[in-house]
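As structure tokens, the structure follows; a few thoughts come after it.
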Amino acid sequence: MLSNSHWRLDGARALITGGSSGIGLATALELASLGAGLVLVARNRDKLEKARAEITSQVPDCSVEVISADLATGEGRQRVVDRLEAPLNILVNNSGTNIRKRMTDLSLEEYRLVQEANLVSCFEMCRLLHPFLLEGAPSCVVNNASVAGLTHLRTGAPYGMSKAAMIQLTRNLAVEWAQEGIRVNAVAPWYIRTPLADQVLADPDYRKEVLDRTPMGRVGEPAECARAIAFLCLPASSYITGQCLPVDGGFTVYGF
């Protein structure tokens with residue numbers, strides 16, 4: 001008889017950064033439904049508690065820990081390390097931010113803020129939590145990058161640079177950590193229906209341009225991105241590492 005255990009995460013422990021809303025919360029709900037226990041990290045304690053209540057209302061037997069920390073700072077990242085207990089089986093690097101400006105309008109401080117929130121936080125979470133993942137091996141990391149790391153978007157240079165570097169970090173760590181039983185993959189979403197995306201898509205002309213460049217003709221849902229992340233966490237994907245999976249409705253392969 002074939003086993004369904006390859007499609008379950010029973011007994012696994014997953015840490016999700018930016019886990020209180022959007023794709024992070026959707027990923028938490030998806031992993032919880034598959035049997036994983038959760039550690040949610042975000043800046044706002046009230047939002048974390050609201051997310052915990054939502055998850056436990058839908059998956060009553062799920063263990064949900066919350067850690068309030070700003071991962072764009074060294075102090076925030078150390079707070080996670082100090083609060084976390086080993087082992088850890090899954091790390092989802094999902095937190096990030098953006099400042100939408102032309103390069104010539106950006107200050108160096110704004111550039112650094114985007115890099116710290118997106119790239120440095122991802123790098124440091126991987127580096128600092130490596131011992132926890134090693135103890136939990138076989139384990140995995142999924143980095144939430146963006147199609148902005150694969151091609152030009154109007155998101156601004158610093159954001160695209162940070163996401164491209166996250167994808168390359170994924171490749172490097174996949175090779176470095178393969179023999180240790182730690183897989184490292186990434187997803188690259190296009191527009192997903194989140195509060196941040198909704199602000200941009202509120203412009204009807206811009207929204208039409210986005211949909212015209214999307215073969216499926218619609219914006220993605222957080223749960224659709226979450227399911228892609230969950231697949232890369234499952235034992236079913238045990239021979240997949242170093243890959244970046246676009247979750248984009250066909251955007252990155254659209255020609256003329």
Side-chain angles (χ1 to χ4, degrees), residues 1-19 23-41 51-52 55-56 58-65 67 80 84-95 122 125-145 166-189 192 220-248:
M1 180 180 295
L2 294 176
S3 171
N4 287 326
S5 62
H6 298 307
W7 301 95
R8 294 286 303 173
L9 291 170
D10 297 303
R13 191 156 172 260
L15 186 148
I16 305 166
T17 72
I23 293 172
L25 177 56
T27 300
L29 285 163
E30 189 69 25
L31 297 185
S33 73
L34 294 169
L38 306 175
V39 182
L40 306 183
V41 180
R52 171 155 54 186
I55 294 165
T56 54
Q58 295 189 38
V59 190
D61 59 347
C62 180
S63 168
V64 184
E65 305 169 52
I67 302 175
V80 174
L84 191 63
E85 294 182 2
L88 184 67
N89 310 105
I90 297 166
L91 169 61
V92 179
N93 285 306
N94 170 73
S95 63
C122 176
M125 284 292 94
C126 289
R127 185 180 72 86
L128 294 169
L129 300 186
H130 174 260
F132 298 80
L133 292 163
L134 194 59
E135 188 168 333
S139 54
C140 67
V141 178
V142 182
N143 297 322
N144 190 7
M166 283 176 65
I167 294 168
Q168 187 58 38
L169 174 65
T170 297
R171 299 185 185 111
N172 280 83
L173 292 185
V175 175
E176 285 189 23
W177 293 356
Q179 295 301 312
E180 298 176 339
I182 305 172
R183 297 184 299 112
V184 186
N185 290 292
V187 294
I192 304 294
E221 298 295 333
E224 293 178 302
C225 191
R227 291 174 197 135
I229 293 171
F231 169 69
L232 293 172
C233 297
L234 285 165
S237 65
S238 59
Y239 201 51
I240 300 174
T241 197
Q243 303 304 306
C244 179
L245 175 62
V247 186
D248 66 353

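Numbers here are sequence positions counted from 1.
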At their closest point, which heavy atom of [X] faces which heavy atom of [Y], and how far apart are they?
| X | Y | answer |
| --- | --- | --- |
| L40 | A51 | CD1-CB, 4.1 Å |
| R8 | D10 | NH2-OD1, 2.8 Å |
| C62 | T56 | O-CG2, 3.9 Å |
| A28 | L38 | O-CD1, 3.5 Å |
| A145 | P189 | O-CD, 3.4 Å |
| V247 | C225 | CG1-CA, 4.0 Å |

Between [Y] and [X], is there a side-chain heavy-atom distance shorter than 4.5 Å?
| X | Y | result |
| --- | --- | --- |
| C126 | N93 | yes |
| E176 | L173 | yes |
| P87 | L134 | no |
| I55 | L25 | yes |
| I23 | V187 | no |

Nearest 0.5 Å, what's the [atom1]-[atom2] distance between [X] and [Y]?
| X | Y | atom1 | atom2 | result |
| --- | --- | --- | --- | --- |
| C140 | L9 | SG | CG | 8.0 Å |
| I229 | T27 | CD1 | OG1 | 3.5 Å |
| S139 | H130 | OG | NE2 | 8.0 Å |
| M166 | C244 | CE | SG | 9.0 Å |
| I182 | T241 | CD1 | OG1 | 10.0 Å |

Output yes when a side-chain donor or acceptor of [X] lies under 3.5 Å from a complementary backbone atom of [Y], and no otherwise.
| X | Y | value |
| --- | --- | --- |
| N94 | N144 | no |
| N185 | G242 | yes |
| R183 | L232 | yes |
| T17 | S95 | yes |
| N143 | C122 | no |
| E224 | E221 | yes |

Per the side-chain contact (heavy atoms from CB on, under 4.5 Å) rule, which among V92, L133, N89, L84 passes with L15?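 Looking at V92, L133, N89, L84, the match for L15 under the side-chain contact (heavy atoms from CB on, under 4.5 Å) is L84.
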Please assess V184 against N172 for the test side-chain contact (heavy atoms from CB on, under 4.5 Å), listing each intermediate value before the final yes or no. CA-CA 9 Å; V184 186; N172 280 83; over 6 Å; no
For R13 and E65: C-alpha separation, side-chain torsions, deciding distance, then whether salt bridge (charged side-chain N to carboxylate O under 4.0 Å, His left out) applies. CA-CA 10 Å; R13 191 156 172 260; E65 305 169 52; 3.2 Å; yes
Starting from the C-alpha separation in whole Å, work towards a yes-or-no answer on side-chain contact (heavy atoms from CB on, under 4.5 Å) for L91 and F132. CA-CA 10 Å; L91 169 61; F132 298 80; over 6 Å; no
side-chain contact (heavy atoms from CB on, under 4.5 Å) between R171 and I167, worked out: CA-CA 7 Å; R171 299 185 185 111; I167 294 168; 3.6 Å; yes
Test side-chain contact (heavy atoms from CB on, under 4.5 Å) applied to L245 and I240, step by step: CA-CA 11 Å; L245 175 62; I240 300 174; over 6 Å; no
